[in-house]
Amino acid sequence: MAQLAPELKNDRFLRALARQPVDRTPIWMMRQAGRYLPEYRATRQQAGDFMSLCRNADLACEVTMQPLRRYPLDAAILFSDILTIPDAMGLGLYFETGEGPKFRHVVRSAADVEALPALTAETDLDYVMRAVSTIRRELAGDVPLIGFSGSPWTLATYMIEGGSSKDFPHAKAMLYSNPEVLHGLLERLATAVTDYLNAQIRAGAQVVQIFDTWGGALAHNAYQSFSLQYMQRIVDGLIREHEGRRVPVILFTKGAGQWLEVMADTGADALGLDWTTDIGQARARVGDKVALQGNMDPAVLYAEPAAIRQEVKRILANFGSGPGHIFNLGHGITPGVDPEHAKAFIEAVVELSPEYQAGTH
């Protein structure tokens, strides 16, 4: 691993990603800057709406920092949305209360794919880069900053369906009836995501994560052809050394427990696990090829602190001793969680994990 730049005060997360010894298991949470925090809700109200919050570098920085002020987290994650790329392609992203993201225009034909503009992230998504550089300055080396993107397949599902979906009728119809059209869309998206993540790295992101939220909806062979293949292209095209240190990449496919071995072969540094995969079995399967991130069920945070602590203890014991574990939820923290329960979760990891890192189990 490249020499870590001296200004990073807490490199626990980067060391765990490199499967190097740490004093305790590092922890961050997907959606850690989000609606469960009253201060986030106040800032979003100040911004007016969600995308206005994303596009304001100072407010995006503020909400990124909010969970770090409350909790001893080991990483910050850029506050943004996975749908920034299709939005920049002119599909007309908007949000309806209680219904999630929607697009005014959909992509359902070869002509629709051809009409999509090629993006240059530094100019077409400059507000994201401004947010990255603002957050990085504000962090002042306290913890590393994670940049991210949606995966090509996940972005494609929103672009084809026009929003979120439970069964992806249009996307799957295209996959089976017009696979060449879908591959054309995925190729464009893989190029755009690679450029987007590299722009984030140049702006100051020290780790990047690819969120493949809907990869688990694919059939076994389709996953490798229509999701993993394109994430592999992104991994191959990323800047992996910047500011004198390695830039790790994390792949997270929700529902991908059956594909861990092929995911580990991509050259990613870590795999995110959802809660349906046993972390001990996952470790046995991938060995020391990658670090593992996860994987407590976010719903555990609705339980009492004693039950949360018990589940943390179980997952730590299941992973076992030694390096290469980043504690996280198996998906994003949900809006209804009591911030005190999130605190109990994080404090349990901080308190219980050192003995596993010391190799006493």
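Along the sequence shown, residues carry numbers from 1.
Distance CD1/Ile250 to CD1/Ile210: 10.0 Å, rounded to 0.5 Å. Between the CG atom of Leu329 and the CD atom of Gln32 there is a distance of 9.5 Å, given to the nearest 0.5 Å. Taking CD1 of Ile160 as the start and CG of Leu185 as the end, the distance is 5.5 Å to the nearest 0.5 Å. For the atom pair Leu155 CG and Leu186 CG, the distance stands at 9.5 Å (nearest 0.5 Å). A distance of 11.5 Å separates CG in Leu273 from CD in Gln281, rounded to the nearest 0.5 Å. Atoms CG and CZ, from Leu37 and Arg69 in turn, are 11.0 Å apart once rounded to the nearest 0.5 Å.
Within the 3.5 Å criterion, the main-chain N or O of Ile279 finds no donor-acceptor partner in the side chain of Thr277. In this structure, Asp124 contributes its side chain and Leu119 its backbone to no donor-acceptor pair below 3.5 Å. Side-chain N or O atoms of Thr154 include none that pairs as donor or acceptor with a backbone N or O of Ser151 at under 3.5 Å. A donor-acceptor pair under 3.5 Å is formed between the side chain of Asn198 and the backbone N or O of Gly237. Under the 3.5 Å distance criterion, the side-chain polar atoms of Arg19 are left unmatched by any main-chain donor or acceptor of Pro323. A distance-only check finds no donor-acceptor pair linking the side chain of His325 to the backbone of Leu316 [under 3.5 Å]. The main-chain N or O of Met174 is never found under 3.5 Å from a side-chain atom of Asn178 such that the two would form a donor-acceptor pair. One N or O on the side chain of Asp269 and one on the backbone of Val249 form a donor-acceptor pair closer than 3.5 Å. Remark: side-chain polar atoms of Tyr71 are paired, donor with acceptor, to backbone N or O of Pro339 under 3.5 angstrom. With Arg246 contributing its side chain and Glu241 its backbone, the two residues share no donor-acceptor pair below 3.5 Å.
Of the charged side-chain nitrogens involved, none lies within less than 4.0 Å of a carboxylate oxygen, so that Glu62 and Arg44 do not count as a salt-bridged pair. Taking 4.0 Å as the cut-off between side-chain N and carboxylate O, Glu39 and Arg70 count as a salt-bridged pair. The pair Glu114-Arg188 meets the salt-bridge criterion, with a side-chain N (NZ, NE, NH1 or NH2) lying under 4.0 Å from an Asp/Glu carboxylate O. A salt bridge is absent between Arg15 and Asp23: the closest approach of a Lys/Arg side-chain nitrogen to an acidic carboxylate oxygen does not fall below 4.0 angstrom. Remark: Asp142 engages Lys9 in a salt bridge, criterion side-chain N to carboxylate O under 4.0 Å. In summary, Glu355 and Arg24 do not engage in a salt bridge, as defined by a charged side-chain N under 4.0 Å from a carboxylate O.
Grouping the Ile, Leu, Val, Met, Phe, Trp and Tyr side chains by contacts below 4.5 angstrom, directly or via other members, places Val262 with Val286. Hydrophobic clustering (ILVMFWY, side-chain heavy atoms < 4.5 Å, transitive): Ile315 and Met30 are in one cluster.
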- Message: Using the rule given for side-chain contact (heavy atoms from CB on, under 4.5 Å), can you reason through Tyr36 versus Met29, listing the C-alpha separation, both sets of side-chain angles and the distance that settles it, and then say yes or no?
- Response: CA-CA 12 Å; Tyr36 74 105; Met29 293 186 296; 3.5 Å; yes

- Message: Could you go through Thr334 and Tyr302, starting from their C-alpha distance and side-chain angles, then the distance that decides it, and tell me whether this counts as side-chain hydrogen bond (donor to acceptor under 3.5 Å, both in side chains)?
- Response: CA-CA 9 Å; Thr334 45; Tyr302 290 118; 2.9 Å; yes

- Item | salt bridge (charged side-chain N to carboxylate O under 4.0 Å, His left out) between Asp265 and Lys289, intermediate numbers included | CA-CA 8 Å; Asp265 286 339; Lys289 192 174 279 189; 2.6 Å; yes

- Would you check, one step at a time, whether the test side-chain contact (heavy atoms from CB on, under 4.5 Å) holds for Ile234 with Leu197? CA-CA 9 Å; Ile234 294 162; Leu197 290 176; 4.0 Å; yes

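The side-chain heavy atoms of Pro144 and Leu8, taken from C-beta on, include a pair separated by under 4.5 Å. You'll find the side chain of Phe327 stays beyond 4.5 Å of the side chain of Asn295, heavy atoms only. The closest side-chain heavy-atom distance from Val106 to Glu161 is not below 4.5 Å. Side-chain atoms of Leu238 and Val208, non-hydrogen and from C-beta on, do get closer than 4.5 Å to each other. By the 4.5 Å heavy-atom criterion applied to side chains, Phe319 and Arg283 are counted as neighbours. Using a 4.5 Å cut-off on side-chain heavy atoms (C-beta onward), Met129 and Arg202 make no contact. Side-chain contact between Leu228 and Trp259 is absent, with no heavy-atom pair separated by less than 4.5 Å. Tyr230 places none of its side-chain heavy atoms less than 4.5 Å from the side chain of Leu189.
Between Phe252 and the options Met231, Met263, His331, a side chain to side chain contact (heavy atoms under 4.5 Å, CB included) holds for only His331. Of the residues listed (Val290, Asp11, Val207), the one engaging Leu17 in a side chain to side chain contact (heavy atoms under 4.5 Å, CB included) is Val207, and it is the only one. Each of Glu351, Glu347, Glu304 was scored for a salt bridge (Lys or Arg N to Asp or Glu O under 4.0 Å) with Arg309, with one residue passing: Glu351.
Applying the 6.0 Å contact sphere to NZ of Lys343 captures no more than 12 heavy atoms from other residues, nucleotides or ligands. Around the CD atom of Glu180, the shell of radius 6.0 Å holds more than 12 heavy atoms that belong to other residues, nucleotides or ligands. For CD of Gln310, the number of neighbouring non-hydrogen atoms (other residues, nucleotides, ligands) closer than 6.0 Å is 12 at most.
The cationic group of Arg35 does not satisfy the cation-pi geometry with Tyr40, failing either the under 6.0 Å distance to the six-membered ring centre or the 45° limit from the ring axis.
The aromatic rings of Phe148 and Phe211 sit perpendicular to each other, their planes meeting at more than 60°, with 30° as the lower class boundary.
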Counting only pairs under 3.5 Å, give me each side-chain donor-acceptor contact of residues 50-59, with atom names and distances, residues two or more places apart or in other chains.
{"from": "Ser52", "atom 1": "OG", "to": "Asp49", "atom 2": "OD1", "distance (Å)": "3.0"}
{"from": "Ser52", "atom 1": "OG", "to": "Asp49", "atom 2": "OD2", "distance (Å)": "3.2"}
{"from": "Arg55", "atom 1": "NH2", "to": "Asp87", "atom 2": "OD2", "distance (Å)": "2.7"}
{"from": "Asn56", "atom 1": "OD1", "to": "Asp58", "atom 2": "N", "distance (Å)": "3.1"}
{"from": "Asn56", "atom 1": "OD1", "to": "Leu59", "atom 2": "N", "distance (Å)": "3.0"}

